Enquirer: 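If you scroll down you'll find the structure; I have some questions about it.
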Amino acid sequence: VGRNDNFFELGGHSLLVINVISRMQLELGLRPTPQDVFQHPDVGRLAALFEGQGGAITEDKLSRLDALFDDIGAF
């Protein structure tokens with residue numbers, strides 16, 4: 001899974017969105033909503049959303065978000 005790959009085009013679905021959100025909260029300290037994932041379905045755009053809201057998106061967090069999508073990518 002790359003930073004520009006679409007979560008839903010790779011087989012993601014609404015139940016996995018809840019998993020993604022939970023893991024983003026636990027592992028990254030972010031507060032996404034299901035709507036955020038639906039509107040920004042790739043890692044790059046989702047990271048940009050949180051960066052624009054004042055969330056400090058470090059290279060480490062972006063890499064962990066990438067890894068999270070990779071892990072969940074085994075749909």
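Note that the structure is predicted; figures quoted are calculated from it, not measured.
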Enquirer: For M24 and F50, which heavy atoms make the closest approach, and how far apart are they?
Expert: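 Closest pair (atom of M24, atom of F50, distance): CE-CE1, 3.9 Å.
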Enquirer: Provide the closest heavy-atom pair for R45 versus Q39 in the form atom of the first, atom of the second, distance.
Expert: NH2-O, 2.8 Å
Enquirer: Heavy atoms, side chains only, cut-off 4.5 Å: are F8 and V17 in contact?
Expert: yes
Enquirer: Which pair of heavy atoms, one from P41 and one from N6, lies closest together, and at what distance?
Expert: CG-ND2, 3.2 Å
Enquirer: Taking atom CG of L30 and atom CG of D36, what is their separation to the nearest 0.5 Å?
Expert: 10.0 Å
Enquirer: When you group the ILVMFWY residues by side-chain heavy-atom contacts below 4.5 Å and let the links chain together, are L49 and I18 in the same group?
Expert: no
Enquirer: Check the pair N19 / S22 against side-chain hydrogen bond (donor to acceptor under 3.5 Å, both in side chains), numbers first and verdict last.
Expert: CA-CA 5 Å; N19 189 0; S22 296; 5.8 Å; no
Enquirer: Search all heavy atoms of V37 against all heavy atoms of F7 and return the closest pair with its distance.
Expert: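 Result for this residue pair: CG1-CD2, 4.3 Å.
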